[in-house]
Amino acid sequence: MTIRTRFAPSPTGYLHIGGVRTALYNWLLARQSGGQFILRIDDTDAQRNVAAALAPILAGFRWLGLDWDEGPEVGGPHAPYYQSERGDIYRRYVQRLLDSGAAYRDYSNSEEYQAERTAAEQAKQPFWYSRRWMATSPEQEAGWIAEGRTAVVRLKMPREGRCEFTDLVRGDMAFDWALEPDHVIQRADGSCLYNLASVVDDIELEITHVVRSIEHLSNTPRQVFIFQALDAPLPHFAHLPYVAEPGSQNKLSKRKIAGYLKNLDFKRLYESGLAIAAHLGVETTPESFNPVLIEFYQTVGYLPEAILNYLLLLGWSLDDKTEYFTIDDMVRSFSLERVIKSPASFDPQKLTAFAGQHMAALSVDQRCALVLPFLQRAGWIRGDGAEIRDQVRQVVAAIDQRLVVAGDILNYREFFMPDTDLPLDPAAFQKRLVQPADAAHLLSEFKKFVVAAPDFSPAGLESLLQSFCDQFQIQPNQIIHALRVALTGKSTGFGIFDTLGVLGRERCVNRIDLALQKIATAASPAGEH
RNA sequence: GGCCCCGUCGUCUAGCGGUCUAGGACAUCGGCCUUUCACGCCGGUAACACGGGUUCGAUUCCCGUCGGGGUCACCA
């Protein structure tokens, strides 16, 4: 038997981290067994523009590499994959349920039904619907219809015994049938509800493993009932614990995402993303640009495999030490048996740690390819000719391990701007260029060395600096800090020889000249103001 | 409230009766390395919710308490 799993998103307009984890586990299960992963759209209750609300979700899956074998855009033997287009199929199954007596038409109006329900609640009795409005004869039914009554279809649930099934992560489950009300499966207008649609689709699409979040556990008995009433084999069920908010045990909720920004770690991640988004001109509201949503990571430049690696471990582990997984590793090692039963809270810092690890595993060329679109979108480079690629390559090589996400390249604007535009950080400028009395002198002398340097390779530059220090009888520190501020405008950055090398002789000379002018201006009382 | 689920360092987790003075990772705190920053390396702080059983022996099994959470729609 080949394994067929599915993920059934509602077209909500966004994909959040918890949903991705569920999808990942489904995808892994299918991929590791040569089975199929199916995307089915739960839009039975849908609003108008399903396509628009679905686009970001499909884009998220594509970006993450979670490809689907059947579903929107790719089609498949069981099309359509939109529940809104499967109404006829559902109605056919409802008829079967009606014919077999597993369901009935209920002609009560909702007030009448609710009245019974609240009466039971007030009496603190378990609620059993009287089924008073279930017709016992065609004449009675015709009479009600003549009165203008309409009917919903309800499941005729058992009122004794237990519903038993095995859950692959939670073990043997048992629920009292008596506690299950007669759920509505079809509205008076003929449209069908989730529980019915879901089961019918799982049957029709031949789903073998229903892996979903635990909030569906309580739906399972009524679904089991439908499967059984239809004589369909039960799929394997696996209910995953929910993903909790950062720093809490509460379930991650789409509605509360703006509030998560108060969490400190979360906020830090959010703000670093904000800086990157600003360079890219991406619109950011707490509801649309939020570390709970997958789009955030795509915008900022996280590696998909890092996100997947983190999510894999949020509720699953292989053993006591393995943490780093490539996609292939994940496919090979995943198992439902080792899924954790308790909820796990989302930790942005650990996600970022994985991002760094996966980035470090990439070659300089691979990192260049990732970073290039960011520079282009920010408008800092034009085109991607050999010269530009070479320039970017040098910067990326020098940045080395400081690059955690692709968007981090945007912290190095100084290497992608005209010399005359280079801003000097005021504090760094004061400390390194104005306060040390000899800074200007050393800098102008060093410029002469740069002009005359025979070899601009890192090794050549290092010996250049050494001979400079020897000649002027100073420690390297005394020139290095001033030099970095003059060249980059900042007090921190990567190695000074890399900095010189990346900029090249001409730009170094220009920037030193410009810095010297600013020092002179600052020193004269009649200066800037 | 009914039903159901869960409970090991701040966080993610290992642990399926003795190997646990409880291991790893992230975070955090020291130190080293170093021309800044980062990386890297070394080290530290930090957990079995509580109470009863069962057992020669419980983090591990059972019960209870407490705590947290999910779910109770003509939503999905």
Side-chain angles (χ1 to χ4, degrees), chain A residues 8-12 42-46 83 106 108-110 113-114 117 121 124-127 150-154 167 169-171 173-176 178-181 183-189 191-195 197-198 212-221 239 241-242 244 246-251 265 310 312-324 338 340-354 356-357 360 399-404 428 432 462 465 469 475-485 488 490-497 499:
Chain A
S10 302
T12 52
D42 273 17
D43 58 349
T44 52
D45 194 41
Q83 293 193 327
D106 176 29
S108 71
N109 58 43
S110 49
Y113 181 85
Q114 282 307 324
R117 192 195 174 94
E121 265 169 32
K124 301 203 168 166
Q125 297 285 320
F127 170 55
T150 57
V152 297
V153 177
R154 287 186 188 276
D167 187 295
V169 343
R170 326 205 79 86
M173 307 298 303
F175 296 83
D176 283 334
L179 267 9
E180 287 287 324
H183 304 278
V184 174
I185 54 175
Q186 188 179 60
R187 298 186 183 95
D189 67 3
S191 62
C192 291
L193 266 17
Y194 166 76
N195 284 118
S198 176
R212 73 225 310 191
S213 175
I214 192 166
E215 56 254 39
H216 290 287
L217 183 58
S218 54
N219 289 333
T220 309
H239 289 94
Y242 61 88
S248 117
Q249 290 299 304
N250 297 349
K251 196 181 97 172
D265 294 334
Y310 173 71
L312 173 74
L313 263 17
L314 197 62
W316 180 87
S317 71
L318 178 63
D319 55 30
D320 59 338
K321 42 183 70 83
T322 314
E323 294 245 294
Y324 184 89
R338 289 192 62 85
I340 281 51
K341 291 191 182 69
S342 49
S345 81
F346 175 58
D347 179 0
Q349 282 187 313
K350 190 147 185 172
L351 204 203
T352 302
F354 276 109
Q357 278 188 45
I399 291 173
D400 196 39
Q401 304 287 299
R402 293 168 191 80
L403 190 79
V404 173
R432 298 302 186 190
E462 188 161 2
L465 184 91
C469 291
Q475 290 300 308
N477 294 348
Q478 290 174 263
I479 180 66
I480 282 171
H481 295 296
L483 193 54
R484 175 175 287 107
V485 174
T488 68
K490 297 176 179 175
S491 56
T492 63
F494 42 73
I496 194 68
F497 305 117
T499 304

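These numbers were taken from a predicted model, which means no experiment stands behind them. Just so we're on the same page: letters track the sequence lines, and every chain starts at 1.
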### Message
When you measure only distances, ignoring hydrogens and angles, does the side chain of A:Arg402 come within 3.5 Å of the base of B:C37 through a donor and an acceptor?
### Response
yes
### Query
Counting any heavy atom closer than 4.0 Å, what does A:Gly315 reach on the DNA or RNA strands: base, sugar-phosphate only, or nothing?
sugar-phosphate
### Message
Can you say whether a donor on the side chain of A:Asn219 sits under 3.5 Å from an acceptor on the base of B:A76, or the other way round?
### Response
yes
### Message
Using a 4.0 Å heavy-atom cut-off, does A:Arg432 contact any base of the nucleic acid, only the sugar-phosphate backbone, or nothing at all?
### Response
nothing
### Message
Would you call the rings of A:Tyr113 and A:Phe127 parallel, tilted or perpendicular, taking 30° and 60° as the class edges?
### Response
perpendicular
### Task
Using a heavy-atom cut-off of under 4.0 Å over every strand shown, decide if A:Ser345 touches base, sugar-phosphate, or nothing.
sugar-phosphate
### Summary
Whole-Å distance, A:Asp319 CG to B:G15 P, equals 9 Å
### Query
Under 4.0 angstrom, heavy atoms only, what part of the nucleic acid is A:Phe497 near: base, sugar-phosphate, or nothing?
base
### Query
If we take the C1' atom in both B:C32 and B:A38, what is their distance in whole Å?
16 Å
### Query
Across the strands shown, which category fits A:Phe494 at heavy-atom distances under 4.0 angstrom: base, sugar-phosphate, nothing?
base
#### Entry: Atom pair CD (A:Glu462) and CD1 (A:Ile496), whose distance is rounded to the nearest 0.5 Å
12.0 Å
### Query
Is A:Thr492 touching bases, backbone alone, or none of the nucleic acid, heavy atoms closer than 4.0 Å?
base
### C1'-based separation of B:A49 from B:A25 [nearest Å]
24 Å
### Rounded distance in Å between the C1' positions of B:A73 and B:G68
26 Å
### Message
Taking the ring centre of each residue, are A:Tyr194 and A:His216 less than 6.0 Å apart?
### Response
yes
### Query
What nucleic acid atoms does A:Ile496 come within less than 4.0 Å of, heavy atoms only: base, sugar-phosphate, or nothing?
base
#### Entry: Gap in Å between the two C1' atoms, one belonging to B:U28 and one to B:C12, rounded
16 Å
### Query
When we call it a touch if two heavy atoms are under 4.0 Å apart, what does A:His216 touch: a base, just sugar-phosphate, or nothing?
base
### Query
Contact class for A:Gln249 vs. all strands (heavy atom < 4.0 Å): base, sugar-phosphate, or nothing?
sugar-phosphate
